[in-house]
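Below, read A as the first sequence line, B as the second, and so on, with proteins coming before strands; counting in each chain starts at 1. Quick caveat, the model's predicted, so the values are computed rather than measured. Below, all heavy atoms of this structure are taken into account, side chains as well, without hydrogens, waters or symmetry copies.
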Amino acid sequence: MTNNAQPEEGKRSLNFIEQFVEEDLANGKNDGRIHTRFPPEPNGYLHIGHAKAICLDFGIAERYNGKCNLRFDDTNPSKEEVEYIDSIKADIHWLGFDWEDREFYASDYFGKLYDFATELIKRGLAYIDDQPASLISEQKGTPNKPGIESPYRNRSVEESLDLFRRMNEGEFEEGSRVLRAKVDMTSSNMHKRDPIIYRIMKCAHHRTGDTWKVYPMYDFAHGQSDYFEGVTHSLCTLEFEVHRPLYDWFIDQLKEGDYRPRQIEFNRLNLTYTVMSKRKLLQLVQTGQVLGWDDPRMPSLSGLRRRGYTPASIRNFVDMIGYTKYEAMNDVGLLEFAVREDLNKTATRVMGVLRPLKLILTNYPEGQEEQLETVNNPEDENAGTRLLPFGRELYIEQDDFMEDAPKKFFRLSPGNEVRLKSAYIIKCEDFVKDPKTGEITEVHCTYDPLTKSGSGESRKVKGTLHWVSAKHAIDAEVRLYDRLFVDEEPDGHKDKDFTEFLNPESLERLSNCKLEPSLANAKVEDRFQFTRLGYFCLDSKDSKPGNLVFNRTVPLKDSWGKGNR
RNA sequence: UGUCCGAUGGUGUAAUGGUAACACAGCUGGUUUUGGUCCAGCCGUUCAAGGUUCGAGUCCUUGUCGGACAACCA
């Protein structure tokens, strides 16, 4: 895929990270080696924001013949679970990326990190602090006010060494002591004010079991893990920019040669009408606002997958929005464009009526049936054709009939003609209305046998409708999704909680839908365009043979619906 | 009242000191057996002020506005 902003044909401009990488290559850094990593914490499901990082980490490696590791940053056993590891791996593979044999864990380096921490103590660069969290936090100061030094800061190396060992042997309670790096309590960078690098956690780890009673903090594990793995470019999001000086400080103490990972920060993905933080997404799941992490309304990769989004559409979307240092708000409409663009080329066109209205062809012989040929995809010559059963009684969309139609209504209304897609031109002669409710219950038309599709008949009519044969139609449930929030930036209001902006109409379930019979054989991976309506796929969880459930991925662009009605 | 980072059409990005452009959105029109797709066109942009320069979106200074940072989370 090409970048959206191209200086000229065939020449994609580089983003600022690629430019740095090419500079490093040109300068002969790391012997021309390019090595990245994607470092998720296994404490939740991946969302489309992670996809942006994945595309960059794996994409840079691919582009420059390098490697990209998958490394789970599993330094907090109280929050992390194996279940998440499996889902993360599945999502990355689904997007089309592979880490080969380089599946690593920060916990692989617990031994090395412990030794390094011990070494820091020996060099007088770390100490055990016996104070409670509240005091440590108080002494830390604020961004405007320097911190003050802990009374334990200058305790002896021997004492710290002894305490650290005993902390790991389980001798002390959680929270009673921590190991702190001795950096600078007056630094303007909060992260360098003697950061906590090890804490006591009497908690089994999913990989190391009960080997450890102390666990490194993320800040003490992340940069070093990159170093241990030979990562050349540590790509992460903007909020870690202020952590970089601390990572550099640790690497300064650790490194032996010239090599050190280069951290480059880029903007995270923000989408209109949605929230992206794991915490908020989890809240939606736990409060039942959505039906799980893979609810098709969620921006999680599992949700988007279930909704019908394709890996290609997500990768193209990510490519279109780019990587910068500006905290942007991306229009969710661009994501929808990306999936339409992909599906338009590949999805089989089928007939499906969501809100059925009975249509009777009064001059079509009772009991007669025929099979009409229709193309599977006008955008793909090789997609072939199939047969559609046709008869006297059909269903059309309720929206496609109006008793009193405005001039620009190109569909069915009394006295008007339309074409039934791949079938005949019909004329509306009459209709039946429920006298109590005013609801139209039946439309009566005549068909013109000379206008059969493909017969060469050249008469033109303004409108073409989709339809299904009443006798042959299969029943299905169809779920229509709308954006989860009614506000462009639901978590952008200081005085209001994001849940106040939940869209009560984000899910609409239609249970009486009529589909063409071929859809009885639909498979979960199949993508369809329901003609004139949108793109749909089988729901991977709830659909069963004989009880089909389809999800609408995205509606077709609709220039009629825009303001004409 | 700190440090760091940023600011280009409605949105997102490009232009790497030399004609401000691409995509989406919006609006016209054409084609069409999908009011889709496709095609043609229109709309509209460098935060402000100074400076350097033959020439500044780009470099410098100051200001304005926005974001990040004060978890024994990552």
In this structure, which one of A/F530, A/F550, A/F528 forms a ring pair (Phe, Tyr, Trp, His ring centres under 6.0 Å) with A/F536?
A/F530

Within the 4.5 Å heavy-atom criterion, are A/L271 and A/F317 side-chain neighbours or not?
yes

Between [N] ([atom2]) and [X] ([atom1]): distance, integer Å:
X      : N     : atom1 : atom2 : answer
A/N15  : B/U16 : CG    : P     : 16 Å
A/N144 : B/C4  : CG    : P     : 13 Å
A/L465 : B/G36 : CG    : P     : 15 Å
A/F536 : B/G36 : CZ    : C1'   : 13 Å
A/K202 : B/C72 : NZ    : C1'   : 14 Å
A/Y323 : B/G12 : OH    : P     : 17 Å
A/E379 : B/U33 : CD    : P     : 14 Å
A/W560 : B/G36 : CH2   : C1'   : 16 Å

All side chain to side chain donor-acceptor pair (under 3.5 Å) counterparts of A/D342, not counting sequence neighbours:
A/T310

Work out how far the [atom1] atom of [N] is from that of [M], and round it to whole angstrom.
N     : M     : atom1 : result
B/G26 : B/U11 : C1'   : 12 Å
B/G6  : B/C24 : C1'   : 23 Å
B/A25 : B/G67 : C1'   : 26 Å
B/C47 : B/C54 : P     : 25 Å
B/A21 : B/U45 : P     : 12 Å
B/C5  : B/G63 : P     : 16 Å
B/G57 : B/G51 : P     : 15 Å
B/C27 : B/C59 : P     : 38 Å

Atom [atom1] of [X] with >12 non-hydrogen neighbours under 6.0 angstrom:
X      : atom1 : result
A/E381 : CD    : no
A/R483 : CZ    : yes
A/E23  : CD    : yes
A/K278 : NZ    : yes

Sugar-phosphate, base or nothing in reach of [X], heavy atoms under 4.0 Å:
X      : result
A/D219 : nothing
A/K460 : sugar-phosphate
A/P40  : nothing
A/T75  : sugar-phosphate
A/R349 : base
A/E174 : nothing
A/F409 : base
A/T464 : sugar-phosphate
A/Q131 : base
A/G463 : nothing
A/P146 : nothing

Between [options], spot the one nearest the side chain of [X], thanks.
X      : options             : result
A/P378 : B/U33, B/G35, B/G36 : B/G36
A/T531 : B/G12, B/C24, B/U34 : B/U34
A/K325 : B/A14, B/C5, B/A74  : B/C5

Taking only N/O atoms, report every protein-nucleotides 8-11 of chain B pair under 3.5 Å with atom names and distance.
from, atom 1, to, atom 2, distance (Å)
B/U11, O3', A/M329, O, 3.1
B/U11, O2', A/M329, O, 3.3

Phosphate OP1/OP2 of [N]: any [X] side-chain N/O under 4.0 Å:
X      : N     : value
A/R411 : B/G35 : no
A/R419 : B/G35 : no
A/T324 : B/U13 : yes

By ring pair (Phe, Tyr, Trp, His ring centres under 6.0 Å) - contacts of [X] (at least two apart):
X      : result
A/Y105 : A/F72
A/F228 : A/Y109
A/Y218 : A/H222, A/F240

A/F220 and A/F250 aromatic centres sub-6.0 Å:
yes

I'd like to know whether the aromatic ring centres of A/Y215 and A/F110 sit less than 6.0 Å apart in this structure.
yes

Test of understanding: with salt bridge (Lys or Arg N to Asp or Glu O under 4.0 Å), list the residues that count as partners of [X], not counting sequence neighbours.
X      : value
A/K462 : none
A/R155 : A/D130, A/E159
A/K145 : none
A/D219 : none

Reading 5' to 3' through nucleotides 63-71 of chain B, protein heavy-atom contacts under 4.0 Å coded B for base, S for sugar-phosphate only, - for none:
----SSSBS

Are the side chain of A/T237 and the backbone N or O of A/E239 linked by a donor-acceptor pair below 3.5 Å?
no

Under 3.5 Å, side chain of A/R340 to main-chain N/O of A/P555, donor-acceptor pair present?
yes

Protein N or O to nucleotides 39-42 of chain B N or O, pairs below 3.5 Å:
none

Only stems of 3 or more consecutive Watson-Crick or G-U pairs count here, both distances under 3.5 Å; name the ones for RNA chain B, or none.
B:2-7 with B:64-69, B:10-13 with B:21-24, B:26-30 with B:38-42, B:47-51 with B:59-63

Want to settle it: does A/Q19 or A/D74 sit nearer the 5' end of RNA chain B, counting the closest nucleotide to each?
A/Q19

When you match A/N267 and A/D73 each to their closest nucleotide on RNA chain B, which lands nearer the 5' end?
A/N267

